[in-house]
Asks: 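Once you've had a glance at the structure underneath, I'll fire off some questions.
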Number of protein chains: 2
Amino acid sequence: MSNAQILASFAANLEFEQIPKDVVARTEDLFLDWFGSALAGRGARPVETIRKLAQDFGPHYGPCEVLISRRTTSPLFAAMINGAASHFAEQDDLHNSSVLHPATVVFPAAWAAAQALGRSGKEFIAASVAGYEVGIRVGEFLGRSHYKIFHTTGTVGTIAAAAAVGKLLRLSGEQMVNAFGSAGTQAAGLWEFLKDAADSKQLHTAKAAANGLLAAYLAADGFTGAKDIFEGGKGMGAGMSTQTHPEKLVDALGTRWALSETSFKFHASCRHTHPATDALLQVIRRERIVPDDIETVVTHVHQAAIDVLGPVTDPQTVHQAKFSMGTVLAIAAEFGHAGVREFDAHYRESRISHFCKKVSMVLDREVDTAYPSRWIGKVTVQTKDGRTFAGRVDDPKGDPGNTLTRAELEHKALTLGLYGNAATEDELKHAIASIWAIGDALVVPKLLPDSKLETHHG
Amino acid sequence: MSNAQILASFAANLEFEQIPKDVVARTEDLFLDWFGSALAGRGARPVETIRKLAQDFGPHYGPCEVLISRRTTSPLFAAMINGAASHFAEQDDLHNSSVLHPATVVFPAAWAAAQALGRSGKEFIAASVAGYEVGIRVGEFLGRSHYKIFHTTGTVGTIAAAAAVGKLLRLSGEQMVNAFGSAGTQAAGLWEFLKDAADSKQLHTAKAAANGLLAAYLAADGFTGAKDIFEGGKGMGAGMSTQTHPEKLVDALGTRWALSETSFKFHASCRHTHPATDALLQVIRRERIVPDDIETVVTHVHQAAIDVLGPVTDPQTVHQAKFSMGTVLAIAAEFGHAGVREFDAHYRESRISHFCKKVSMVLDREVDTAYPSRWIGKVTVQTKDGRTFAGRVDDPKGDPGNTLTRAELEHKALTLGLYGNAATEDELKHAIASIWAIGDALVVPKLLPDSKLETHHG
């Protein structure tokens with residue numbers, strides 16, 4: 001059997017009962033975290049543009065909920081719109097070594113399919129786990145050379161979504177191979193948009209979720225795809241990576257639960273900024289200094305941080321601000337936390353841009369070698385009165401070794417839901433309770449009641 | 001201005017009145033040729049699978065016709081289904097030097113948008129020309145290294161469709177740049193499926209047309225994309241080609257009409273088989289020999305022919321047969337023409353597979369150097385009685401130097417329409433008349449009346 005067939009067979013045959021209890025619980029955690037992120041995208045211009053077009057192009061009714069509009073539609077468009085919404089606030093989860101944001105591509109597709117097919121909560125959880133396990137391994141297979149040009153969450157996300165939806169469609173192993181083939185040949189997403197602060201990121205996650213769902217539904221109807229879309233001579237590895245890692249495709253299937261390695265995002269910024277942010281906060285707290293005391297901050301980073309954040313020298317939008325190392329550190333230094341509200345309210349302020357200019361990035365060999373398996377944060381802080389402090393974190397807040405509690409996750413989801421003006425506090429609490437009980441649902445419920453909220457904010 | 005901006009500006013500002021009369025007439029020819037190809041896809045399993053899913057996921061009504069079902073839907077799904085249908089029979093057009101099949105991605109998108117927006121025939125023609133001119137240049141820019149792994153019609157087709165639909169949406173030059181950015185970051189399609197005879201080809205054209213249309217509609221609503229999706233450091237060229245040709249992106253805009261360089265397909269097989277097929281037919285007719293007289297046929301080909309056709313050593317499906325040099329030559333030698341009906345009826349016959357084994361491919365330096373600007377056909381035929389004949393064609397039938405007449409195009413469209421059981425002969429003749437008069441239509445019409453034909457054939 002090829003690695004593609006082994007991986008497909010694993011996904012097709014995974015049963016809820018095989019999944020360790022702590023992995024099931026972590027899946028619920030990740031699902032709640034995704035729900036909050038999806039609501040936080042409500043009202044954002046690129047998200048609402050995709051929602052509006054999807055509503056024009058798609059049916060105005062159906063079995064699947066669109067979280068940001070409280071409308072329903074077909075699974076394709078629910079996956080598309082919820083996928084667009086959940087990556088906007090930069091608060092959705094990240095798997096380190098694959099550099100994949102799994103939630104924003106797996107859950108929109110799996111939730112839409114589970115609702116369309118009337119599946120149980122346990123089946124939904126097993127499907128989500130399959131999506132994470134497959135997606136993370138394909139991301140590791142394509143590796144760092146892929147991520148230099150391609151937005152892995154867009155490309156690999158298509159496969160992850162197909163695996164999850166394929167599971168809900170109860171595909172055979174062979175059908176799952178076909179789903180992977182049809183997903184991989186639709187895989188797309190280039191980083192080029194980033195330097196223009198263009199809107200493509202929302203399109204990438206929207207389309208990854210929708211395209212992956214389409215691939216799985218096609219496979220269920222007998223549509224065939226390439227048998228070896230990963231390693232074949234004209235497949236994803238050949239076309240979209242200069243150094244693949246074939247052994248990663250089937251790494252410890254059924255014993256390593258890669259889902260549990262996924263990190264929650266504590267700060268509302270690009271994940272590449274988090275390690276240095278936490279290291280700076282460590283110095284500020286330990287040395288009891290304030291931003292005004294600081295002369296310079298040197299962040300010691302991995303190459304991908306320089307590649308992704310380097311072009312953002314003068315952030316003009318709140319989205320760019322989240323990709324500006326200096327701005328993120330400035331906001332965190334000022335408020336102790338770089339959350340969605342802190343960015344919206346303060347990213348343009350002169351004290352923030354003043355601090356931003358104090359921050360530089362240098363490539364660090366230790367950090368770069370550890371990446372992407374570990375995201376080490378190292379900073380050197382120079383004070384105006386001539387002192388030098390080193391900060392270091394080995395597990396940024398939200399990483400598996402320093403994870404968020406259920407109380408912290410509930411607080412984050414509530415904050416994001418209210419930020420998006422997407423639901424009342426009561427509605428959110430009801431949804432949170434539904435999510436904690438999802439494993440007992442015979443048929444997955446709706447998370448939010450239908451209603452007609454007005455669209456707001458930007 | 002960047003090349004992307006120059007190209008976008010050309011597309012946005014192109015007026016019907018600037019387009020030479022012979023280019024307008026050729027556009028009508030290509031549109032008719034596309035119409036026949038779309039109808040020929042009716043009933044084919046992969047096409048019908050996409051149609052069925054698109055109908056499940058999309059609205060069951062709308063302003064746009066689905067040619068193979070006589071239903072209507074939204075522009076996204078009309079583009080998707082008509083795009084899936086028109087590349088199946090391997091009878092749609094090809095532009096040589098870009099190795100792009102423009103019709104199957106430009107017309108499904110442009111026709112759907114023109115119907116949705118109620119545009120005139122002249123506007124539809126100008127939009128189609130913009131789609132061809134842009135798509136061909138982007139295909140030439142990405143070049144042969146791209147085509148080795150990627151199905152250019154899938155990838156570049158997204159941009160071509162976006163250009164055509166962007167024109168119908170009357171985008172500004174700046175909006176057109178955004179449409180290109182959103183199209184390019186969705187561009188996908190890998191050749192890996194070919195060796196498994198999988199169904200991806202229909203998915204590629206379906207999605208290219210739909211994704212390009214989506215990109216243009218997004219741009220009209222203010223959604224932004226990368227400004228330099230072609231040449232940027234993390235753009236299409238960087239990620240999907242090892243040798244780009246930047247000068248091609250803006251090659252002789254407004255004076256070179258690349259649309260007129262597009263070839264019609266005379267045989268119903270992969271275009272890489274056509275030059276050798278015509279060269280063999282030349283020998284057979286000139287020397288008055290029959291297939292049984294032939295001991296061996298050596299085809300002298302370009303490298304891409306070996307790359308694409310080489311893996312197909314033992315065709316199991318009619319689709320694979322169209323990618324088997326030996327099978328195509330066998331059918332052409334037997335029937336004088338390798339058409340859709342000849343393939344369906346005879347590709348498995350023992351006399352065909354017997355002749356197939358006589359055919360080999362060798363790389364030819366002259367042919368390879370001329371490719372892809374010119375597709376020279378050269379064969380060496382050895383007869384059983386020991387004679388050796390050389391055949392050579394510089395312009396395979398259907399190429400601009402050896403094009404099809406309007407009578408031949410009508411005959412081809414009628415054949416394909418009846419083959420697909422997609423319409424009656426009267427309906428087809430009415431549609432052909434509509435197409436010849438398209439330039440005078442104040443609002444584009446429907447090509448076929450609504451009705452409920454039963455689905456058939458495979």
Asks: Could you check which of Ala197(A), Gly154(A), Pro75(A) has the highest count of heavy-atom pairs closer than 4.5 Å to chain B?
Replies: Pro75(A)
Asks: Might you confirm whether atom CD of Gln55(B) has over 12 heavy atoms from other residues, nucleotides or ligands at distances under 6.0 Å?
Replies: yes
Asks: Please report the shortest heavy-atom distance between Pro46(A) and Phe223(B), naming the atom on each side.
Replies: O-CE1, 3.5 Å
Asks: Can any side-chain N or O of Ser74(A) pair as donor or acceptor with the backbone N or O of Gly58(B) at less than 3.5 Å?
Replies: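 No: the side chain of Ser74(A) does not pair with the backbone of Gly58(B).
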Asks: Would you mind checking which part of Lys148(B) comes under 4.5 Å of any heavy atom in chain A, side chain (CB onward), backbone (N, CA, C, O), both or neither?
Replies: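 Backbone of Lys148(B) only, per the 4.5 Å heavy-atom cut-off to chain A.
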Asks: Return yes if some donor-acceptor pair links the side-chain N/O of Thr185(A) with the main-chain N/O of Ser200(B) below 3.5 Å, else return no.
Replies: no
Asks: Which distance, rounded to the nearest 0.5 Å, do you find between the CD of Gln186(A) and the CD of Gln186(B)?
Replies: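 That separation rounds to 10.5 Å.
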Asks: If I measure from the heavy atoms of chain B, does Ala187(A) come under 4.5 Å with its side chain, its backbone, both, or neither?
Replies: backbone
Asks: Hey, which of Asp228(A), Leu194(A), Thr158(A), Asp56(A) has the most heavy atom pairs under 4.5 Å with chain B?
Replies: Asp228(A)
Asks: Tell me, yes or no, whether the heavy-atom count around Gln303(A) atom CD, taken from other residues, nucleotides or ligands under 6.0 Å, exceeds 12.
Replies: yes
Asks: If we define contacts as heavy-atom pairs under 4.5 Å, which of His151(B), His60(B), Glu192(B) has the most with chain A?
Replies: Glu192(B)
Asks: Would you say Asp196(A)'s side chain and Ala226(B)'s backbone share a donor-acceptor pair under 3.5 angstrom?
Replies: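 Checking the backbone N and O of Ala226(B) against the side chain of Asp196(A), no donor-acceptor pair under 3.5 Å is found.
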Asks: Heavy-atom cut-off 4.5 Å, strictly under: side chain, backbone, both or neither for Tyr217(B) against chain A?
Replies: both
Asks: Minimum heavy-atom separation for Leu190(B) to Lys234(A), with atom names?
Replies: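 Closest heavy-atom pair between Leu190(B) and Lys234(A): CB-O, 3.4 Å.
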Asks: side-chain contact (heavy atoms from CB on, under 4.5 Å) between Thr73(A) and Phe57(B): does it pass, once the steps are laid out?
Replies: CA-CA 9 Å; Thr73(A) 185; Phe57(B) 288 153; over 6 Å; no
Asks: State whether the side chain of Thr224(A) and the backbone N or O of Ala198(B) hold a donor-acceptor pair below 3.5 Å, judged by distance alone.
Replies: no
Asks: Enter the distance from Asn178(B):CG to Phe193(A):CZ here, rounded to the nearest 0.5 Å.
Replies: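 One finds 13.5 Å between CG of Asn178(B) and CZ of Phe193(A).
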Asks: Between Lys207(B) and chain A, which part of the residue has a heavy atom less than 4.5 Å away: side chain, backbone, both or neither?
Replies: side chain
Asks: OG/Ser182(A) to NE2/His204(B) distance, rounded to the nearest 0.5 angstrom?
Replies: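 Rounded to the nearest 0.5 Å, the OG-NE2 separation comes out at 8.0 Å.
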Asks: Please determine, by modelled atom types, if Thr49(B) and Asp221(A) share a side-chain donor-acceptor pair under 3.5 angstrom.
Replies: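 Checked: Thr49(B)/Asp221(A) side chains show no N/O donor-acceptor pair below 3.5 Å.
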Asks: Picking from Ser241(A), Gly62(A), Ala116(A), Ala188(A), which has the most non-hydrogen pairs under 4.5 angstrom with chain B?
Replies: Ala188(A)
Asks: Could you tell me which portion of Leu214(B) (side chain, backbone, both or neither) has an atom closer than 4.5 angstrom to a non-hydrogen atom of chain A?
Replies: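 Both backbone and side chain of Leu214(B) come within 4.5 Å of chain A.
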Asks: Under 4.5 Å from any heavy atom of chain A, what part of Leu53(B) do you find: side chain, backbone, both or neither?
Replies: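 Contact with chain A: side chain only.
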Asks: Relative to chain A, which of Ile149(B), Ile50(B), Asn211(B) shows the most heavy atom pairs under 4.5 Å?
Replies: Ile149(B)
